[in-house]
Amino acid sequence: MGLFDIFRKKKNETVEQEAASESTEILSESESNSDASEDEQSTAVSENTSAVTQPMMEQVGLVNEDEAKIWQEALDKQKISTPQLTETETTEQQIYDAGLKKSRTGFADRFNRFLANFRSVDENFFEDLEETLVGADVGFDMAIKISDELREEVKLKNAKRKEDVRDVIIKKMVDLYEADGINEDATMNFAPKGQTTVILFVGVNGVGKTTTIGKLASKYQKAGKSVLLAAADTFRAGATKQLQEWGERAHVPVVAGKEKADPASVVFAAVEKARDENYDVLFVDTAGRLQNNVNLMQELEKMKRIIQREIPEAPHEVLLVLDATTGQNALQQAKLFKNSSDVSGIVLTKMDGTAKGGIVFAIRNEMHLPVKWIGFGEKASDLREFKPEEFVYGLFKELVES
């Protein structure tokens, strides 16, 4: 089943659940009214008990206690059963739904404005479509690709109504997104049991790199893993202190050096400690002054050499942290870091703060890098494993008809 089919299935299930819930409410209201009617009848009968005996009440059709019980059991059997999701599934859907609210609204507004001007599928239509997609941060390359592939598909499906055209566009976006992710590994890579996993975090200043490390440290510590942090961003004022504060919150130790110390020396001390004391995971925070700064890239290479000298298979992950609100700037950062840092995955932060959301499509289409984590807020629990089906559903659910 393709990603778009999963999306439609989830959409239909949600509609059915809502309909079932409404039916149950209506039935409950009907029962309430029936109960009220019974009370009124009982009151009317009791006012005339001097003239009417109990046997007479049964003869004229007023139900007794046993009959009322049978009637209630029959009603209970007629109640519609609403499918229940597990607590984990419900939580995941709710978090994605709330976190993507701004993006979902932004997407809907852009598409609705685009469709409001729709008259026919002509050259102006495709120009407006490309402009709409670029404005949604899906990237120029993907906007052109979608436009080109839609030229034939819209004709093939004979899409004339606005709703048909909209559905074809979104299906094509989802299908292309899925196709670009074939053979993509979105899971976290870990060292064999008993060995230390080293995860290097890179990215420019201000994207939420240190905060992301703190959140992941908390998650893995709660999952029962022993975690160590390395404060190798020694040049940014307050970076070490910020990581130490996260370490205290998560009850995780932090290896730190003096202010403006050589970052590689901090990394060496942390790797040595992690290996000798059998820590499960070592998270390494790095500097992020300028993404095109040659010295920074050389610094990252030096860190990797030191790590590999002590643990040859490490780092097991190089995660690039990007701020979703920066849109195409984030994409440019991804290109520069990928060329020099062997990036293995993306952490997309502040997703709840952007009204575009298309950056996920652009990253996969142009970078072929998996988004492994996505952040929706400030709490540690707001950093979630990236789930494409939840993302697609959370972004488009109000646009596509069931």
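Counting from 1, the numbers follow the sequence of the chain as shown. Heavy-atom basis, side chains included; hydrogens, waters and symmetry copies ignored.
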Does [X] come within less than 4.0 Å of [Y], counting only side-chain N to carboxylate O?
X	Y	result
Glu149	Lys145	no
Glu317	Lys372	yes
Asp180	Arg364	no

Classify the angle between the aromatic ring planes of [X] and [Y] as parallel (below 30°), tilted (30 to 60°) or perpendicular (above 60°).
X	Y	value
Phe386	Tyr177	perpendicular
Tyr220	Phe283	tilted
Phe114	Phe125	tilted

[atom1] ([X]) with more than 12 external heavy atoms under 6.0 Å:
X	atom1	answer
Glu378	CD	no
Glu277	CD	yes
Lys335	NZ	yes
Lys338	NZ	yes

What are the two closest heavy atoms between [X] and [Y], and how far apart are they?
X	Y	answer
Ala239	Thr210	O-CG2, 4.3 Å
Ile359	Leu348	CG2-CD2, 3.8 Å
Val266	Gly257	CG2-N, 3.8 Å

Between Asp280 and Ser226, is any side-chain donor less than 3.5 angstrom from a side-chain acceptor?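 Yes - a donor-acceptor pair under 3.5 Å links their side chains.
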Both conditions, 6.0 Å and 45 degrees, for the charged tip of Lys397 above the ring of Tyr96: are they met here?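 Geometry flag: not set, cation outside 6.0 Å or 45°.
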